[in-house]
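We count ligands from 1, going down the list as the structure has it; atoms in each ligand are counted the same way. Position 1 is the first residue of the sequence, and the numbers go up from there.
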Amino acid sequence: MKNKRPSFIAVIDFGSQYTHLILRNLRELGVPAQLLAPKVNTKILNQAAGIILSGGPQSVIKNAMPFNSAVLKLPLPILGICYGLQLLANELGGQVTPGKIREYGLATLHIKKTSLLFAGIPKASQVWMSHGDSVTKLPPNFVAMGTTPALPYATVEHRTKPIYGLQFHPEVNHTTYGKNILKNFVFNICQLKPTVQKSWLTKISAQIKKQVGNKKVFLLVSGGVDSTVAFALLNKILGAPRVIGFHIDTGLMRLQESKLVNRALRQAGFKNLHIINANKIFFSKLKNITKPEVKRKIIGQTFLLVKKQAEQKLKLTTKEWLMGQGTIYPDTIESGGTKNADKIKTHHNRIGALVKMAEKGLLVEPLQELYKDEVRKLGLNLGLPKELIKTHPFPGPALGVRVLCLDNKTASRLNNKNRTITSVDYSNRILPILSVGVQGDERSYRQPLAISAPLNKIHSLHCLATKILNKHHNINRVLLAISGNNINLGASRAAYITPTRIALLRKIDNLVTQELKKSGMYYKIWQCPTVLIPFGTKHKESVVLRPFASREAMTGRAYILPIKIINKIVNKIRALNKVDYIFYDLTDKPPGTIEWE
Ligand code: XMP
């Protein structure tokens, strides 16, 4: 028997990369939500007003996640998203088929019938898909409510019960009316009322005071948005004498970066920052390493080693000092850090030793629930200068994950493959290199397809890229070759992280950034990684430009810069006479990740 008004939405987490975005949307709507495991005891759901079944990397027919199916018998509204929809179909007597229709990225949803869930939403709208399996037969009493060109059951609902399913993800901002759908579910269907939420600053201040007690915190400060905001926050809450920042110059930073970080933070009034030069040790630990995950782990471990040496030098004891990090939510989820999520990549601040420290309460991570755009708002509230806050995100492993490496064996294996995709109308080649991506919530490590076509076709090729990637699962990116000879002449070679390669990438990265700033494009885009790849003819090095648009880095689209600016960038890079080809990455996320490794 329920004795209180239902008060929250239960989000059952099957491990999707986007589950936390559901919670974030609900938070923004002023609705309390709880993340629960698939084997949840139904007693916990007594006070729930409705249930959302998240997406996930598994397949309900091949390796379904153990689930308490009694949940589906509760007299509560249910919304199944992606895997959640497939689970409903599978459990309630429908059919799910693997791999028949796979979709990653944008699709157009056509609503066939009006319903409470789609109240006030146009008949045709943009939605975001990321699935390998799909529902091929509906369970009894279910009806199809909306379709996409590829999918007859893009949204379904029960004839009489408040049970709904969506194959697309309403929680990502590329689904134009996603938030309205969630709003309709929680307010119209579950009949919750919005409540006022406490501000992040209030919540985080209380958490930090409680965790730190009378200890002190030292924090690794890269100078990027997250660590800078975390540093400012700790200074404000604990007071400068109880905080020390270490900035480690790994040798993998951008041009002049450590100098600029030092200057900017001093100008912002912080005097408790130490700069540590650790170039030598990072390069020596990364010698001969090629695999992205190994690189990431080594970089994470080396950070810890250098930090330890600095601690000893400054005589900071663990009795007195806790370690702090600017970890934000996507770092955790993409490192496979929630119970059911697949590991896409290990962020340097999520390696095993650190996760263990976090479990013991020895790690202070004030921003761990937030997304980048929320961190930025918080930073502005704290009075940090705009230039620091608006700077593009930059990965902790820095240029180390933007310089692709290959060993001899892999290079020759890939060179010998030399395949094309004949159904693509343009001349193309599957390049003999590998990069990381995310498809249907799972990590991929595959080759990209490079297309040769005139630059003025770039917009239509961006649309084509999504279609190609949905059809061909042996590749995970599509690139346009924008400069260089016939792509069939190039080959890849064995290459590692060396000071020379990093110096070249640093120079090109700086060229691109300066050009973006000059043209006013810098603040219009989320990020623009420049990637060095060991592929080519004469120099055996090439460059990939990756301008990208996103709101919180969980999903996003390749950003097509004005052709004039692309040409300017290309000319500047060509003038260096150090690379053979320049490519433009046309891959959205999913199926690509923003970074290449
Ligand atoms: P991906 O490549 O996974 O990146 O689409 C999502 C966002 O996170 C940044 N990124 C990192 N940030 N440590 C960080 O602090 C890391 O190890 C790391 N790897 C990726 C990436 O630049 C993008 O903004």
Worksheet item: Quick one: does M554 get a heavy atom under 4.0 Å from ligand 1?
Response: no

Discussion item. Using a strict threshold of under 4.0 Å (side-chain N to carboxylate O), is an ion pair present between E28 and K179?
Written reply: yes

Fill in: P393 N/O to ligand 1 N/O under 3.5 Å
no

Worksheet entry | cation_pi(R24, W200) dist<6.0 Å, angle<=45 | no

Practice prompt. Test the R443-Y445 pair against the cation-pi criterion, namely NZ or CZ under 6.0 angstrom from the six-membered ring centroid and within 45° of the ring axis.
Written response: yes

Discussion item. Quick check on contacts: which atoms of ligand 1 are under 4.0 angstrom from a heavy atom of P397?
Written reply: 13 (N), 16 (C), 17 (O)

Worksheet item: If you count the atoms of ligand 1 from 1 in the order shown, which ones are under 4.0 Å from a heavy atom of A553?
Response: 6 (C), 7 (C)

Fill in: Lys/Arg N to Asp/Glu carboxylate O, E541 vs K578, below 4.0 Å
no

Worksheet item: With a cut-off of under 6.0 Å to the ring centre and 45° to the axis, is K390 in cation-pi contact with Y523?
Response: no

Worksheet item: Is the closest N or O pair between R402 and ligand 1 shorter than 3.5 Å?
Response: no

Fill in: Side chain, backbone, both or neither: K589 near ligand 1, heavy atoms under 4.0 Å
side chain

Worksheet item: Roughly how far, to the nearest 0.5 Å, is the NE2 atom of H247 from the CG atom of L265?
Response: 9.5 Å

Worksheet item: Has ligand 1 got any nitrogen or oxygen that is less than 3.5 angstrom from a nitrogen or oxygen of D226?
Response: no

Fill in: For W526, atoms of ligand 1 separated by under 4.0 Å from a heavy atom
24 (O)

